[in-house]
Amino acid sequence: MSIAGSVGLDDLSRICPLISRRVQPSLDAQETRIVAVGAVRFGDVRPVVIAGPCAVESFEQTLAVARAVKAAGADMLRGGAFKPRTSPHDFQGLGMEGLRILEAVSRETGLPVVTEVMDPRLVETVSAYADMLQIGSRNMQNYPLLVEAGKSGKPILLKRGMAASLCEWLGAAEYIAKECNLDIVLCERGIKAYPSGEYSRNVLDLNVIPAVKNETFLPVIVDPSHSTGVASMVETASCAAIEFGSHGLIIEVALNHPGTAKPKCDAAQAISPLTLGNIVRFIEARVERNALRRAHAV
Ligand code: PEP
Ligand code: MN
């Protein structure tokens with residue numbers, strides 16, 4: 001029986017030839033494309049750590065979190081200026097003001113910035129302020145947005161749709177690649193599957209990391225914040241993702257000093273800068289161990 005629209009891994013050479021490891025013979029079996037965002041290199045031996053607030057809420061909050069994540073060892077700053085919220089009555093982000101804040105905080109701290117763009121008409125504007133554009137889970141199959149993001153020439157962080165198969169995710173990446181933009185970093189952020197929402201927000205699909213690496217040369221990172229939705233799970237999920245071969249992490253952080261306001265979104269999954277520091281140390285120890293292993297192997 002054939003089913004309309006049904007695709008599997010055997011169809012990837014047709015769906016996404018531009019990013020398929022099988023179709024692009026110049027890249028050998030192990031090689032990952034390095035996606036550079038300033039001095040930050042996704043796909044290299046050292047996993048990249050992106051950290052910051054869920055949403056940009058004010059200049060002071062963003063600067064304080066940025067300084068704290070930098071001190072903890074993060075390589076890049078995250079923060080939403082345009083927030084995709086379930087309810088239109090909830091805080092939607094600061095919009096343009098949020099972009100200006102991100103740019104100022106980036107200049108102040110030296111951390112490159114990634115932020116979400118939801119509207120194809122805003123790609124050019126967001127590109128003027130951010131070092132990397134994030135396509136969120138809800139927009140992974142917004143094809144006009146993917147095309148505009150590809151045309152921007154900016155590095156793109158492409159989150160996995162919350163119910164997307166690997167074929168659909170890589171098909172989405174192909175839309176960006178087709179605009180002659182191969183600076184794509186994939187991001188697993190948890191999928192909606194039974195029992196999402198019972199004891200964690202989503203189901204963190206770590207198995208997809210080796211599968212992505214088999215099929216494409218693009219780097220892949222993990223979001224332990226949106227995949228778990230529970231702050232106490234984020235450190236373990238981060239370490240597990242690194243053990244599975246993730247090229248990096250994107251993590252939500254909030255300050256927890258007495259008197260600091262609770263974040264307006266996703267407060268329950270925000271970790272402290274102290275916990276972020278533990279994750280960075282875990283990564284550094286692992287990178288060192290691997291370097292020693294390689295040195296002994298030759
Ligand atoms: C985010 O990273 O701010 C976000 C909304 O994530 P996702 O698109 O994965 O839900
Ligand atoms: Mn969030």
Side-chain angles (χ1 to χ4, degrees), residues 48-57 61-62 65-66 69 74 76-88 90-95 98-99 101-102 113-119 122 126 130-142 145-146 149 155-164 168-169 172-173 176 184-193 196-197 200-206 208-209 212 220-231 233-234 237-238 241 246 248-255 261-272 276:
V48 169
V49 176
I50 308 172
C54 177
V56 174
E57 296 181 28
Q61 165 249 11
T62 309
V65 176
V69 302
M76 259 181 90
L77 178 66
R78 63 147 289 139
F82 297 94
K83 295 300 302 175
R85 302 305 302 280
T86 299
S87 168
D90 287 341
F91 175 60
Q92 303 285 303
L94 297 180
L99 293 180
I101 291 172
L102 281 172
V113 159
V114 59
T115 196
E116 179 162 357
V117 57
M118 295 194 289
D119 184 333
L122 284 176
V126 178
D131 301 288
M132 184 180 214
L133 305 180
Q134 176 171 321
I135 308 280
S137 185
R138 292 155 191 79
N139 274 306
M140 188 205 81
Q141 284 174 309
N142 181 339
L145 177 62
L146 296 170
I156 310 294
L157 183 63
L158 178 63
K159 291 193 133 190
R160 181 184 187 179
M162 56 188 77
E168 288 163 341
W169 191 13
I176 299 167
I184 306 163
V185 176
L186 300 162
C187 177
E188 155 63 22
R189 48 77 72 206
I191 49 173
K192 287 252 181 250
S196 293
S200 65
R201 184 171 184 171
N202 289 295
V203 174
L204 172 54
D205 181 15
L206 291 178
V208 84
I209 299 169
V212 165
V220 58
I221 70 166
V222 166
D223 175 342
S225 305
H226 293 90
S227 52
T228 63
V230 180
M233 294 184 183
V234 169
S238 297
S246 177
L249 301 166
I250 178 166
I251 306 177
E252 290 188 350
V253 173
L255 300 187
K262 193 169 133 221
K264 286 189 175 141
C265 34
D266 291 348
Q269 69 194 29
I271 60 166
S272 67
L276 182 69

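All ligand and atom numbering here is 1-based and tracks the order in the structure.
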Does R160 reach ligand 1, in the sense of a heavy atom lying below 4.0 Å from it? no
Going by heavy atoms in the side chains, are P224 and I251 under 4.5 Å from each other? yes
Which heavy atom of C187 sits nearest a heavy atom of L157, and at what distance? CB-CD1, 4.0 Å
Row for the Mn ion (ligand 2): angle OE2 (E252) to OD2 (D266), 10° precision, value 140°
Ligand-side contact atoms (ligand 1) for residue partner K83, heavy atom cut-off under 4.0 Å: 3 (O)
Derivation and outcome, side-chain contact (heavy atoms from CB on, under 4.5 Å), residues M233 and S200: CA-CA 9 Å; M233 294 184 183; S200 65; 4.1 Å; yes
Can you tell me if, anywhere in C265, an N/O/S atom lies at a distance from the Mn ion (ligand 2) that is smaller than 2.8 Å? no
Name the residue from I209, V212, V220, D223 that meets the side chain to side chain contact (heavy atoms under 4.5 Å, CB included) definition with S246. I209
Are any of the side-chain nitrogens in R201 or D266 under 4.0 Å away from the carboxylate oxygens of its partner? yes
Derivation of the side-chain contact (heavy atoms from CB on, under 4.5 Å) call for L146 and L158: CA-CA 9 Å; L146 296 170; L158 178 63; 3.8 Å; yes
Taking the side chain as everything from C-beta on, heavy atoms only, tell me whether N202 gets closer than 4.5 Å to K192. yes
Are any of the N or O atoms of K159 closer than 3.5 Å to those of ligand 1? yes
Looking at atom 9 (O) of ligand 1, what's its closest protein heavy atom, distance included? R189 NE, 2.7 Å
Out of the candidates D131, V56, L99, only one should pair with V113 under the side chain to side chain contact (heavy atoms under 4.5 Å, CB included) rule; please name it. D131
Assess M162 for proximity to ligand 1: is some non-hydrogen atom of it under 4.0 Å away? no
Tell me which one of Q134, M118, R85 gets a heavy atom nearest to atom 1 (C) of ligand 1. Q134
What residue and heavy atom of the protein are closest to atom 8 (O) of ligand 1, and at what distance? S137 N, 2.8 Å
Under 4.0 Å from a heavy atom of R78: give me the atoms of ligand 1 that qualify, with their elements. 1 (C), 2 (O), 3 (O)
Which of the ligand 1 atoms, numbered from 1, are nearer than 4.0 Å to a heavy atom of G136: 8 (O)
